[in-house]
Peer 1: 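The structure is given below, and queries will be raised subsequently.
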Amino acid sequence: MDDEADETPRQSELGRVEAFSDGVIAIIVTIMVLELHVPRHPGLAGLIELWPIFLAYVLSFTYVAIYWVNHHRLFTHARRVSNSLLWSNMVLLFTLSLIPFATAYLGEHGFGHFAILLYILTLALPALAYAEMEAVIERQARRANTLSAYLIATRRKGYVSAAIYFCGIAASFLSAGLALVNAVLVALFWILPDTPVDHLFGCARGDISADERS
């Protein structure tokens, strides 16, 4: 009975943090979509003029969606709501809130070199914040002896993503298109299920339970 009583407050507190995070992420997506203004000129030509803004929106929406999905999965491994978990979550939400500005800047400036650099840097900030929050939850899981293959594999994938971000930042000084390819690669790296790359990091279907993949 005592364990069940302790479990209910824990789930309630974690649910409150998740609900707040969901609300902030929903606002971030709303801000981004509001940047998709009606074209000044009618017809297909007017829509084509908006392709940089729309492309930036699609890529940013994909990134925010990836963080929302991983945030949900990660919190299933949290054991309790600690100060370090709360503040690392707030830092993550803050860095995600910068994406709408970087997205609008990228679209308005036609994927120029500085716009791409700013965009890649903005995408890298949530990755660092997420890694810190993941470390907090991983420490909780280790103390509770519930560390799963999911936590181990995603940490390794995070390291590779960081390396790709670094390459993207370096590439932005040479080619805006090449830097953008790096951003797309990171997104595909997290979206595509059970890829050959996943097998390298122990997150193939056989290594992660059905609950963690679903």
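Counting begins at 1 with the first residue of the sequence. Just so you know, these numbers come straight off a predicted model, no measurement behind them.
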Peer 1: Quick one, Asn89 and Val17 - any side-chain contact, counting heavy atoms below 4.5 Å?
Peer 2: yes

Peer 1: Restricting to non-hydrogen atoms, name the atom on Leu85 and the atom on Arg80 that form the minimum distance, rounded to 0.1 Å.
Peer 2: CD2-O, 3.4 Å

Peer 1: So if you build clusters from Ile, Leu, Val, Met, Phe, Trp, Tyr with side-chain heavy-atom gaps below 4.5 Å, do Leu185 and Phe166 land together?
Peer 2: no

Peer 1: Does a side-chain heavy-atom distance below 4.5 Å link Arg16 with Val81?
Peer 2: no

Peer 1: Identify the heavy atoms of Leu93 and Ile28 that sit nearest to each other, and give their distance.
Peer 2: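 That closest heavy-atom pairing would be O-CD1, 4.2 Å.
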
Peer 1: So how far is it from Ser60 OG to Leu123 CG, rounded to the nearest 0.5 Å?
Peer 2: 6.5 Å

Peer 1: Give the cluster check for Leu125 versus Leu74: same hydrophobic cluster or not, with ILVMFWY residues linked at side-chain heavy-atom distances below 4.5 Å.
Peer 2: no

Peer 1: Nearest heavy-atom pair of Pro100 and Ile31: which atoms, and what distance?
Peer 2: CB-CG2, 3.7 Å

Peer 1: Do Val69 and Trp190 come close enough that some side-chain heavy atom pair is under 4.5 Å?
Peer 2: no

Peer 1: Hydrophobic clustering (ILVMFWY, side-chain heavy atoms < 4.5 Å, transitive) - are Met90 and Tyr67 grouped together?
Peer 2: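 Same cluster.
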
Peer 1: Please write out which residues are connected to Phe114 in a hydrophobic cluster, directly or through intermediates, given that two of Ile, Leu, Val, Met, Phe, Trp, Tyr count as joined at side-chain heavy-atom separations below 4.5 angstrom.
Peer 2: Phe101, Tyr105, Leu118

Peer 1: Could you pull out the closest heavy-atom pair between Gly107 and Ala56, with the gap in Å?
Peer 2: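 Heavy-atom minimum between the residues: N-CB, 4.3 Å.
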
Peer 1: Could you give the distance from NE2 (His77) to CD (Glu134), rounded to the nearest 0.5 Å?
Peer 2: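 Here the interatomic distance stands at 9.5 Å.
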
Peer 1: Does anything in residues 164-173 pair up under side chain to side chain donor-acceptor pair (under 3.5 Å), and if so which pairs, sequence neighbours excluded?
Peer 2: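 Pairs touching residues 164-173 that pass the test: none.
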
Peer 1: Using every non-hydrogen atom in the two residues, find where Thr95 and Ala129 come nearest and quote the distance to one decimal.
Peer 2: OG1-CB, 3.9 Å

Peer 1: Minimum heavy-atom separation for Tyr63 and Ala183, please, with both atom names.
Peer 2: OH-O, 2.5 Å

Peer 1: Would a 4.5 Å heavy-atom cut-off, applied to side chains only, mark Ile66 and Val186 as touching?
Peer 2: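 No; the side chains remain at least 4.5 Å from each other.
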
Peer 1: Relative to the ring of Tyr57, is the ring of Phe61 parallel (under 30°), tilted (30 to 60°) or perpendicular (over 60°)?
Peer 2: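 Geometry flag for Tyr57 against Phe61: tilted rings.
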
Peer 1: May I ask you to decide if Ser88's main-chain N or O and Glu132's side chain share a donor-acceptor pair within less than 3.5 Å?
Peer 2: no

Peer 1: To the nearest 0.5 Å, tell me how far Met32 CE sits from Ile27 CD1.
Peer 2: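 If I round to the nearest 0.5 Å, the distance is 12.5 Å.
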
Peer 1: Given the rule that I, L, V, M, F, W and Y join up when any side-chain heavy atoms are under 4.5 Å apart, are Leu14 and Trp68 in one cluster?
Peer 2: yes

Peer 1: Check for me, please, whether Leu55 and Val29 land in the same ILVMFWY cluster - side-chain distances under 4.5 Å, paths through other members count.
Peer 2: yes

